[in-house]
Amino acid sequence: MVEANPFATVQQIAGGYCLPRCLHVVADLGVADALDETPRTAADLAAAVGAHPDALSRALRLLAAHGVFAMQRDQFCHSPASRLLRTDHPQSMRAFARMFGLPVFWATFEAFAHSVRTGLPATATVFPDGFWAYLAQHPEAGRVFNAAMGAKAHGTVAGILAAYDFSGFGLVGDIGGGSGHLLRAVLDAEPSARGVLFDLPQVIEEAAGVASARLTLQAGDFFRAALPRCDAYLLMEIIHDWGDEEAVAILQRIRRAAPPHAKVLLIETIVPDDPGPDWSKVLDIHMLALLGGRQRTRQEYEALLTESGLCLEREIDTGAGISILEAGVA
Ligand SMILES: C[S@@+](CC[C@H](N)C(=O)[O-])C[C@H]1O[C@@H](n2cnc3c(N)ncnc32)[C@H](O)[C@@H]1O
């Protein structure tokens, strides 16, 4: 929120990183899991999760001031947002909060000036093999990342299914589909469709349990491996991970694999024309710093599709903070 007082604006933004850090640590500790419907003191919660009572109380007080948990005198209880930090919540966002606290994120942002000076991903200065290799080399971080992708989808998949008619597609490919959360939801909604989940080998290995007679798994690198021939291609938050050159290379490879009737669906948070605060602008900085990617406007996505031999046919706002850009094989 932009404060009316300019001193307060600078103050809040300069020191504001404490707030997300409290969220990451509280999510990591599992504080929301230790709290049920009965309000508890910070001392009780600290004993349950192995934390310092006073320090935890102060972290929770700050979070509660921003709507995550609530304070009732000297006790804490759940708010709608803190319930989402519970592991057992059907739409749990705990892994999503934990992902932003991973060391690879914080080391990257310590080096963020490198990105601003050069336009290159700061991650490469701390982990020269880059973000995806880091996840492959740090399996626990990779698991948190994959779970976070599933967690963020809790907020978007219902909107995607409501906004787009997937009937009529025989084979749906989810390219960079992670653990297959979107593809599985599409196949559940369309019982006659089959799917192929394509991702890097370590991600496909972790997703082994989702394979079925209707859902096959394909491990590979989308810059090198043969891509499946599908009636529809889902690319949810894939193109934003990459700079323009790599994005065009991915789309061109899909175009070459696709039959003429295929649809390519880019599912992305579009940068709006409105200059006000928007999640797309936060995501954009993460893409810059971690990956050298970018969050794009509709016009920028259209230019990438055209350069790749694809033709933007429709933009569908799902109403869930993410849009579907439907492209045909030109
Ligand atoms: C931002 S995640 C998006 C996951 C999923 N589509 C979603 O939106 O929840 C990007 C995905 O691309 C995959 N990926 C990255 N580089 C890849 C490559 N070279 N080939 C195949 N998949 C890749 C990652 O493993 C990850 O699952």
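One-based numbering, in listed order, for ligands and for the atoms of each. These numbers come from a predicted model, not from an experiment.
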Report the nearest protein non-hydrogen atom to atom 26 (C) of ligand 1: residue, atom name, distance rounded to 0.1 Å.
Asp199 OD2, 3.7 Å

Any N/O of Asp174 closer than 3.5 Å to an N/O of ligand 1?
no

Protein heavy-atom partner closest to atom 1 (C) of ligand 1 - residue, atom, separation in Å
Glu237 O, 3.3 Å

Which ligand 1 atoms are under 4.0 Å away from a heavy-atom of Gly220?
20 (N), 21 (C)

Show, in sequence, the C-alpha distance, side-chain angles and deciding distance for Ile270 and Ser280, and conclude whether the side-chain contact (heavy atoms from CB on, under 4.5 Å) test is met.
CA-CA 7 Å; Ile270 307 288; Ser280 64; over 6 Å; no

For atom 20 (N) of ligand 1, tell me which residue out of Phe145, Trp132, Phe222 has the closest non-hydrogen atom.
Phe222

So, Arg21 and His24: side-chain donor and acceptor under 3.5 Å apart, yes or no?
yes

Please list, in number order, the atoms of ligand 1 under 4.0 Å from a heavy atom of Val203.
25 (O)

Strictly by modelled atom types, are Thr41 and Asp74 linked by a side-chain donor-acceptor pair under 3.5 Å?
no

Nearest protein heavy-atom contact for atom 9 (O) of ligand 1: which residue, which atom, what distance?
His181 NE2, 2.7 Å

Salt-bridge contact Arg83-Glu37 (side-chain N to carboxylate O under 4.0 Å)
yes

Is the shortest distance from a heavy atom of Ala225 to ligand 1 less than 4.0 Å?
no

Can we say Arg294 and Asp284 salt-bridge, meaning some charged N sits less than 4.0 Å from an Asp/Glu carboxylate O?
no

Would one find an N or O of Ile238, backbone or side chain, under 3.5 Å from an N or O of ligand 1?
no

Hydrogens and angles aside, do Glu326 and Tyr164 bring a side-chain donor and acceptor to less than 3.5 Å of each other?
yes

Ring centres of Trp242 and Phe223 under 6.0 Å apart?
yes

Counting non-hydrogen protein atoms only, what is the nearest one to atom 10 (C) of ligand 1? Give residue, atom name and distance.
Asp241 OD2, 3.3 Å

Determine whether any heavy atom of Trp242 lies closer than 4.0 Å to an atom of ligand 1.
yes

Between Asn146 and ligand 1, does any nitrogen or oxygen pair lie at a separation below 3.5 Å?
no

Give me the ring orientation class for Tyr134 and His138: parallel if the planes are under 30° apart, tilted from 30 to 60°, perpendicular past 60°.
parallel

If we only count N/O pairs under 3.5 Å, is Asp221 in contact with ligand 1?
yes

Nearest non-hydrogen protein atom, atom 2 (S) of ligand 1
Met149 SD, 3.7 Å

Report the nearest protein non-hydrogen atom to atom 4 (C) of ligand 1: residue, atom name, distance rounded to 0.1 Å.
Gly176 O, 3.3 Å

Show me which atoms of ligand 1 lie under 4.0 Å from any heavy atom of Gly178.
27 (O)

Below 4.0 angstrom from a heavy atom of Met236, which ligand 1 atoms are there? Numbered from 1 as shown, please.
3 (C), 5 (C), 6 (N), 7 (C), 8 (O), 9 (O)

Taking atom types as modelled, find out whether Thr87 and Arg94 have a side-chain donor-acceptor pair closer than 3.5 angstrom.
yes

Give a yes or no on whether the ring-centroid distance for Phe96 and His154 is below 6.0 angstrom.
no

Hey, does Lys152 come in under 3.5 Å of ligand 1, counting only N/O atoms on both sides?
yes

With under 30° as parallel and over 60° as perpendicular, where do the rings of Phe198 and Phe222 fit, or are they tilted in between?
parallel

